[in-house]
Amino acid sequence: MRPDEAERVQDELRTRLVLPAGRGPLPGTVVGLDVTYDTGSDRAVAAAVLVEVSSRAVLEVATAAGEVTFPYVPGLLAFREVPLLLAAIDRLSQPPPLLICDGYGVAHPRRFGLACHLGVLLDVPAFGVAKTAFVGTGPEPAAHRGAWSDLTDRGEVVGRRVRTRDHTKPVFVSAGHRIALADCTDLAVRLSAGFRIPEPTRQADISSRAALRASQNG
């Protein structure tokens, strides 16, 4: 698939996007997602980690390894990562109630980042938590844990800068599908304990790296 064809796919899938304005009930468990790439090759490993919201305890881990066939193109990350992420999710013992992606939701040039893509394909709530901003600007939030400020792009609020730890750089939270931005913000803070990154995606990063190392050593 060429990049221009991938953009058309994004435009088509975006018509199925559901972004509720009001808050909704939040699940007791969530699934964090991440992909680790093998430097110097096309191999990568995706991890899906089921975490209990109340305790932030890891309940289940599933990984999937394979070749990445789509080139790296800013704004089209989903086409590199979605096949492996879907394979990892499929290996969980239960369908995911909510997905947290290491990436973006609507804070994206075409308002359809990785979290939107996965959320729409599986029709489950999903949002993204990124370490840096892709699109949008906004003021720094206050220095205390739980503080946030709007992330705005072309006059539209596309996400929030969220402080998950006191006096630590904020993360960039954006809704992906079937979840309000306010609920994404709350979950990002609740799921961050002693680290800046929420525990589900942090554990997915750890698990995907460990699985890649194991495959290299095996």
Are the side chains of [X] and [Y] in touch, meaning some heavy atoms are under 4.5 Å apart?
X    : Y    : value
V189 : W148 : no
P198 : L187 : no
L151 : S174 : no
H177 : D123 : yes
V171 : I197 : yes
V129 : V162 : no

Locate the shortest heavy-atom distance separating [X] from [Y]; write the atom from each residue and the value.
X    : Y    : answer
A204 : G32  : CB-O, 3.6 Å
A180 : A21  : CB-O, 4.1 Å
V173 : C184 : CG1-CB, 3.6 Å
P83  : A78  : CD-O, 4.1 Å
A65  : L84  : C-CD2, 3.6 Å
A142 : A147 : O-CB, 3.4 Å

With rounding to the nearest 0.5 angstrom, report the [atom1] to [atom2] distance, [X] to [Y].
X    : Y    : atom1 : atom2 : value
H117 : L122 : NE2   : CG    : 10.0 Å
R23  : L181 : CZ    : CG    : 9.5 Å
E199 : I206 : CD    : CD1   : 7.0 Å
E140 : K169 : CD    : NZ    : 10.0 Å

So, does [X] use its side chain to make a donor-acceptor pair with the main chain of [Y] at under 3.5 Å?
X    : Y    : value
R163 : T168 : yes
T164 : R196 : yes
S149 : G138 : no
R165 : G194 : yes
R145 : S192 : yes
D183 : G24  : yes

Can you check side chain to side chain contact (heavy atoms under 4.5 Å, CB included) on E7 and F79, steps first, answer last? CA-CA 10 Å; E7 290 181 7; F79 293 89; over 6 Å; no
Please list, one pair per line, the donor and acceptor atoms closer than 3.5 Å that link side chains of residues 97-116 to other protein atoms, with sequence neighbours excluded.
unit_1: D102; atom_1: OD1; unit_2: K131; atom_2: NZ; d: 3.3
unit_1: Y104; atom_1: OH; unit_2: T132; atom_2: O; d: 2.6
unit_1: H108; atom_1: ND1; unit_2: R110; atom_2: N; d: 3.0
unit_1: H108; atom_1: ND1; unit_2: F112; atom_2: N; d: 3.3
unit_1: H108; atom_1: NE2; unit_2: G75; atom_2: O; d: 2.7
unit_1: R110; atom_1: NE; unit_2: Q10; atom_2: OE1; d: 2.7
unit_1: R110; atom_1: NH2; unit_2: Q10; atom_2: OE1; d: 3.0
unit_1: R110; atom_1: NH2; unit_2: G75; atom_2: O; d: 3.4
unit_1: R111; atom_1: NE; unit_2: E156; atom_2: OE1; d: 3.0
unit_1: R111; atom_1: NH1; unit_2: H108; atom_2: O; d: 2.8
unit_1: R111; atom_1: NH1; unit_2: D153; atom_2: OD2; d: 3.0
unit_1: R111; atom_1: NH2; unit_2: D153; atom_2: O; d: 3.3
unit_1: R111; atom_1: NH2; unit_2: D153; atom_2: OD2; d: 2.9
unit_1: R111; atom_1: NH2; unit_2: E156; atom_2: OE1; d: 3.4

Test V31 against every option in V124, L50, V49, L85 by the side-chain contact (heavy atoms from CB on, under 4.5 Å) rule and name the one that passes.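 Exactly one candidate clears the test, L50.
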Mind checking whether [X] and [Y] sit in one hydrophobic cluster, side chains of I, L, V, M, F, W, Y counted as touching below 4.5 Å?
X    : Y    : answer
F127 : V82  : no
V73  : L13  : yes
I179 : L191 : yes
Y37  : V45  : no
I89  : L77  : yes

When you look at L86 and L118, which way does the side chain to side chain contact (heavy atoms under 4.5 Å, CB included) test go after all the steps? CA-CA 8 Å; L86 289 176; L118 281 167; 3.7 Å; yes
Between D11 and R14, is there a salt bridge with N-O shorter than 4.0 Å?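 D11 and R14: salt-bridged.
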Would you check, one step at a time, whether the test salt bridge (Lys or Arg N to Asp or Glu O under 4.0 Å) holds for R202 with D205? CA-CA 5 Å; R202 193 180 81 85; D205 174 64; over 6 Å; no
Is there any side-chain hydrogen bond (donor to acceptor under 3.5 Å, both in side chains) pair reaching into residues 85-94, and which pairs are they, with sequence neighbours excluded?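 Listed by first then second residue: E60-S93.
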Could you walk me through whether V35 and R80 satisfy the side chain to side chain contact (heavy atoms under 4.5 Å, CB included) test, starting with their C-alpha distance in whole Å, then the side-chain angles of each, then the deciding distance to 0.1 Å, before giving a yes or no? CA-CA 10 Å; V35 176; R80 285 174 65 81; over 6 Å; no
Decide yes or no on side chain to side chain contact (heavy atoms under 4.5 Å, CB included) for E81 and L33, but give the supporting numbers first. CA-CA 10 Å; E81 298 195 346; L33 303 170; over 6 Å; no
